[in-house]
Each structure stands twice: as C-alpha cells, then as structure tokens.
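I have placed the structure first, in the form of structure tokens, so that the comments after it can refer back to it.
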Amino acid sequence: MKIRAAVARAREPFRIEEVELDGPRADEVLVEVEACGICHTDLSAKDHDYGTPLPAVLGHEGVGRIVALGEGVTRFAVGERVVMSFGACGRCPSCAAELPAYCRHARDFNLFARRLDGSSPISQAGRSLTGHFFGQSAFASHAIAAAHNLVRLGDDLPAPLMTSLACGVQTGAGAVVNVLQAEPHDAIGVFGCGTVGLAAIMAARVAGCARIVAVDVRAGRLETARALGATEVVDSAQTDLAAALKRLGGLTLAFDNTGRPEVIEAAYNALHPRGRIVLAGLSARGASLTLDLNRLMASGRSLRGTIEGDADPRAFIPRLVDWYRRGELPLERIVTTYPFEQINEAAADMLAGRVIKPVLRMST
Ligand SMILES: [Zn+2]
Ligand SMILES: [Zn+2]
C-alpha cells in the first residue's frame with residue numbers, strides 16, 4: 001500500500017514522501033500510526049552516522065491502531081490500540097531472562113533497522129528503504145511492527161502522551177525502578193533533565209526517595225524538575241558541580257543521561273560508600289572516564305550502563321500506564337505536539353531545548 005512517511009537522508013531535513021509499505025509478514029502487524037514521539041536517537045541516526053543505513057524511515061515511539069494481522073499473531077486483534085516499543089527476538093537468552101533490551105539481535109532491529117533476514121517492508125520507486133527501525137519505523141502514516149514489540153493501550157489514553165512510554169520515559173523510569181531499585185531512604189541525583197531524566201525524577205518520587213537532586217544547565221528544566229518531584233536542583237552552568245554535590249551531602253544513587261565524562265565523574269565522586277551510578281546517555285565516540293580504582297574498590301561503589309532501563313515493555317509499560325492514571329506520571333508536563341508535517345520544526349525545537357518531548361500527530 002502507499003503510505004506517507006518522513007524519509008531521513010544524512011544531514012538533510014526530513015521530507016514527507018509517498019512510499020510503498022508491504023503487508024505484514026508472519027508475527028507482524030500493520031498499524032495505523034496516531035502519534036510518534038521524537039527521541040534523540042532518531043536524530044543521531046540521521047545526522048551522526050551511528051550505523052543506521054540511510055535513507056531510512058525512523059521513529060521508534062509509535063502509538064496507533066492495528067489494521068491488519070500477519071500470520072500467527074494471536075495475542076492481538078484488528079482494531080486494538082498499541083504502543084510500539086523496541087525490537088527484540090523473544091528467543092535469545094536475554095529475551096528469555098525478560099531483559100529484551102540486551103537481545104542478541106538488538107543491533108539488527110534498533111540500529112541497523114532491519115528484519116533478521118535483512119529485509120525492509122518499505123520501498124520507494126522500486127528501491128528498498130531502511131524501514132524496520134526499532135522494529136517499527138513509525139514516522140509514517142502506517143507502520144509494520146513486530147508483534148513482539150507491542151503493548152496494548154486503552155482507548156481512553158491520549159496517544160501523544162503515551163508515545164514516550166515506548167522509549168524515553170521507559171528508560172528513565174526503568175533505570176530508577178529496575179536498575180537502581182530506589183528506596184525511600186535514598187538520595188538520588190539525576191544528571192540531565194530531558195525526557196529521560198524527568199521520567200527518572202517522576203519515578204524517584206513514586207519510589208518515595210528522601211532526596212531527589214536534579215542537575216541541568218537550563219534553569220527552565222530545573223523548574224520543571226522541581227514541579228515533578230526534585231527536592232533540590234543544581235544549575236551546573238552557574239556553579240561548580242562537584243562542590244555543589246558535596247554541599248548537598250552526597251548521593252546514594254546517581255543516574256546520568258548526559259553522557260558527558262566530566263558530569264559522570266562528578267556524580268560518581270559524590271556517591272556514598274556502596275553508592276551506585278547508572279549511565280543511560282549517549283556519549284561522544286571514544287569517550288572514557290578517569291576513576292580512582294582504589295577508591296572504587298574500597299568504597300564498594302558500582303557503575304553500570306543500561307538500555308531502555310532494563311525494562312521488559314510488556315510488563316513495565318502497563319505499570320507506567322497505572323502511574324499515569326493515578327496522576328503520578330504527569331506526562332502532559334513534558335509533551336508538546338506538532339502536526340506530522342512539522343517534523344523538522346519539532347526536531348529543531350528539541351535540539352534547541354525549546355521543548356522537552358516533541359510528539360508528532362499523524363492523524364488530526
Ligand atoms: Zn532476543
Ligand atoms: Zn529512544
């Protein structure tokens with residue numbers, strides 16, 4: 001079928017064009033996309049050579065309605081509403097351990113953006129386009145998604161607010177709940193207050209953390225962080241970060257999504273004995289840390305990374321929806337919607353920090 005999709009070419013604006021979409025294969029569904037969030041990973045894939053073959057249809061936070069089922073799909077029905085999360089095979093050891101973010105084939109689906117046989121459901125003028133980004137490619141009117149990625153959504157839930165449960169919000173909340181397993185006695189620092197960091201702050205409030213320290217270089221973000229649950233804020237453009245963290249009495253937990261070595265080192269150095277830091281930000285290629293190894297050993301600290309907050313979307317997204325319904329995940333505070341046609345304005349506003357989570361509406 002002919003669909004409209006935002007085609008990404010290296011370092012050019014997105015262009016909304018007509019492309020051809022194949023029908024769903026076995027274990028796939030066809031989704032009419034209602035809305036899709038823009039995540040930094042989309043823009044990195046387009047402009048920073050992270051390995052996604054271009055031209056491509058990107059977009060990996062899609063929400064929509066199933067309009068056709070491929071062979072063997074029994075968990076879903078036509079007409080059901082779903083959020084499309086990241087790709088995973090469902091069969092490898094990580095998938096079996098309910099840690100699909102570490103799927104053996106994660107790079108195929110989420111970076112190289114192809115099915116396991118290398119094919120793509122999207123083409124244009126007889127030429128294949130990269131079209132299975134995070135198992136969906138949802139910057140489009142319709143998407144072919146792997147059934148494995150899908151989580152059912154109630155019809156009453158607003159599509160634009162649900163999109164980032166697929167990736168950004170899942171990552172931040174998952175890092176706090178699944179990886180750091182924050183508890184009421186914790187003093188947690190959140191470094192970088194975009195969608196992922198603000199989701200971490202909301203999750204830390206749900207966990208009842210005694211102190212939630214938000215760090216960013218933009219005063220507006222810190223105001224939002226306070227409104228969402230931060231008990232203290234540090235504007236690291238205005239003050240020395242290490243000294244500020246020391247004045248605040250240090251941290252038991254830290255979550256970085258800046259990917260900046262100097263920030264991560266300051267966060268690490270502020271940890272109490274047995275403190276834990278988890279990293280979720282994309283760093284510059286080749287970035288490395290300088291840590292005092294004796295201090296690492298003697299203080300019992302730990303440092304680790306996470307993808308998608310170690311979440312299994314099929315269990316974790318319903319939990320996030322419950323938080324939203326209870327008013328504990330006020331996503332309306334971070335989302336700004338744009339018509340699909342304004343994808344370039346939306347991306348520019350995100351990069352300039354004018355909005356936190358831009359979301360494209362495919363249907364009006
Ligand atoms: Zn797998
Ligand atoms: Zn993402």
Side-chain angles (χ1 to χ4, degrees), residues 6 8 27 33 35-48 50-52 56-63 83-117 132-139 143 145-151 160 162-175 192 194-200 255 257-259 279-283 305-317 320 331 334-335 343 346-347 350-351 355-360:
D27 302 320
V33 182
C36 186
I38 302 180
C39 179
H40 280 281
T41 307
D42 296 303
L43 306 183
S44 298
K46 181 167 81 70
D47 295 330
H48 297 289
Y50 274 95
T52 306
V57 177
L58 305 171
H60 62 286
E61 290 186 338
V63 166
V83 54
M84 297 178 262
S85 197
F86 57 89
C89 78
R91 290 181 292 274
C92 72
S94 292
C95 285
E98 297 178 356
L99 290 165
Y102 307 103
C103 174
R104 176 181 290 168
H105 302 289
R107 284 162 60 86
D108 288 304
F109 297 123
N110 304 328
L111 186 64
F112 303 127
R114 60 195 179 205
R115 295 180 176 122
L116 291 185
D117 67 359
H132 200 56
F133 190 60
F134 283 69
Q136 56 183 286
S137 288
F139 287 161
H148 186 270
N149 305 4
L150 305 180
V151 178
M162 296 296 110
T163 58
S164 60
L165 302 187
C167 183
V169 167
Q170 173 159 256
T171 297
T195 298
V196 175
L198 293 170
F255 174 59
N257 60 98
T258 71
L279 314 182
L282 192 60
S283 295
T306 182
I307 291 281
E308 301 285 351
D310 281 20
D312 183 341
R314 291 177 297 177
F316 198 60
I317 290 178
L320 295 175
L331 296 167
I334 65 171
V335 165
I343 182 171
M350 179 171 75
L351 286 176
V355 300
I356 300 169
K357 168 54 79 177
V359 173
L360 305 170

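Counting starts at 1 for both ligands and their atoms, following the listed order. No experiment lies behind these values; they were computed from the predicted model shown.
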What's the spacing between E308 CD and Y102 OH if we round to 0.5 Å? 9.0 Å

Heavy atoms of other groups near L99 CG, more than 12 under 6.0 Å: yes

The Zn ion (ligand 1): which protein N, O or S atoms are under 2.8 Å away? C89 SG, C92 SG, C95 SG, C103 SG

Using atom types as modelled and distance alone, determine if a side-chain donor or acceptor of N110 lies under 3.5 Å from a backbone N or O of G87. yes

Which residues and atoms, counting only protein N, O or S, are under 2.8 Å from the Zn ion (ligand 2)? C39 SG, H60 NE2, C167 SG

Determine, step by step, whether H148 and D27 satisfy the side chain to side chain donor-acceptor pair (under 3.5 Å) criterion, reporting the C-alpha distance in whole Å, the side-chain angles of both residues, the deciding distance to 0.1 Å, and the verdict. CA-CA 8 Å; H148 186 270; D27 302 320; over 6 Å; no

Of the options L58, D42, I38, which is the one that meets I343 in a side chain to side chain contact (heavy atoms under 4.5 Å, CB included)? I38

Option passing side chain to side chain contact (heavy atoms under 4.5 Å, CB included) with K357 (candidates V169, L198, T195): T195

So does D310 get a backbone contact from the side chain of T306, meaning a donor-acceptor N/O pair under 3.5 Å? yes

Begin from the C-alpha positions of L43 and M350 and carry the test side-chain contact (heavy atoms from CB on, under 4.5 Å) through to its verdict. CA-CA 10 Å; L43 306 183; M350 179 171 75; 3.4 Å; yes

Flag, side chain of S137 to backbone of H132, donor-acceptor distance under 3.5 Å: yes

